[in-house]
Undergrad: 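Submitted below is the structure of interest, expressed as structure tokens.
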Amino acid sequence: MSTGSAWAVLFIAGLCEIGWAVGLKYTDGFSRLWPSVGTIAAMIASVVLLGWSLKVLPLGTAYAVWTGIGAVGTALLGMVLFGESREALRLASIALIVAGIVGLKLVTPDSH
């Protein structure tokens, strides 16, 4: 797997992380079948894809980016889907996470 492919796989893993985190809200404590099935599938996909990306990317960078994508996406969808706070400090904090993700990507060498 090339470095570019590993970053793409990691990005998809992060999207799956968002999927399972948001999905948890819909499972009602895993008491609803189909939301639970979807959430568990997204959990498995997220971890498997993260593992694949680790064949090429450094562990610390990949894990931080994976959780960062999940945190940012989940926070944004929380605002859109569940009416969570959109106050300026919260948005600024999300922007800092994005800056951290971009920074880690920029300083990660093409191979290790």
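We number each residue from 1, following the sequence as shown.
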Undergrad: Look up atom CD1 in Ile97 and atom OG1 in Thr67, then write down how far apart they are to the nearest 0.5 Å.
TA: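 Ile97 atom CD1 to Thr67 atom OG1 measures 8.5 Å (nearest 0.5 Å).
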Undergrad: Would you mind reporting whether Pro35 and Phe30 have side-chain heavy atoms less than 4.5 Å apart?
TA: no
Undergrad: Treating Ile, Leu, Val, Met, Phe, Trp and Tyr as nodes and any side-chain heavy-atom pair under 4.5 angstrom as an edge, say whether Leu96 and Val102 lie in one connected cluster.
TA: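 No; Val102 is not reachable from Leu96 via cluster members.
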Undergrad: Side-chain contact, heavy-atom cut-off 4.5 Å: Leu24 with Met43?
TA: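 Leu24 vs Met43: side chains touch.
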Undergrad: Is Ser5 reaching over with its side chain to a backbone N or O of Met1, donor-acceptor style, under 3.5 angstrom?
TA: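 Here the side-chain-to-backbone pair does not exist.
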Undergrad: Minimum heavy-atom separation for Pro58 to Thr108, with atom names?
TA: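 Scanning both residues completely, I find the closest heavy atoms to be CD-CG2, 3.8 Å.
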Undergrad: With rounding to the nearest 0.5 angstrom, report the CG to CD1 distance, Leu106 to Ile101.
TA: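 That separation rounds to 12.0 Å.
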Undergrad: Would you compute the distance between atom CD1 of Ile69 and atom CD1 of Ile18 and round it to the nearest 0.5 angstrom?
TA: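 So the gap between those two atoms works out to 7.0 Å.
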Undergrad: Determine whether the side chains of Trp66 and Ser53 contain a donor N or O and an acceptor N or O closer than 3.5 Å.
TA: no
Undergrad: Using the side-chain contact (heavy atoms from CB on, under 4.5 Å) definition, which of the options Ile40, Thr39, Val47, Thr74 pairs with Trp20?
TA: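 Of the listed residues Ile40, Thr39, Val47, Thr74, the side-chain contact (heavy atoms from CB on, under 4.5 Å) partner of Trp20 is Thr39.
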Undergrad: Do the side chains of Val65 and Trp7 get nearer than 4.5 Å, heavy atoms only?
TA: yes
Undergrad: Got a second to check how far Leu10's CG is from Thr3's OG1, nearest 0.5 Å?
TA: 12.0 Å
Undergrad: Considering only heavy atoms from C-beta outward, does the side chain of Met79 approach that of Arg90 to under 4.5 Å?
TA: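 In contact.
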Undergrad: Supply the atom-to-atom distance Leu33 CG to Thr27 OG1, rounded to the nearest 0.5 angstrom.
TA: 11.5 Å
Undergrad: For Leu50 and Ala13, which heavy atoms make the closest approach, and how far apart are they?
TA: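 In terms of heavy atoms, the two residues are closest at N-CB, 3.7 Å.
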Undergrad: Nearest 0.5 Å please: distance from the CD1 atom of Ile12 over to the OG atom of Ser46.
TA: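 Reported to 0.5 Å precision, the distance equals 11.0 Å.
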Undergrad: Shortest non-hydrogen contact from Ala6 to Val56?
TA: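 Looking at all heavy atoms of both residues, the closest pair is CB-CB, 3.8 Å.
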Undergrad: Is a donor on one side and an acceptor on the other found under 3.5 Å between the side chain of Arg32 and the backbone of Tyr26?
TA: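 Judged by distance alone, yes, a pair lies under 3.5 Å.
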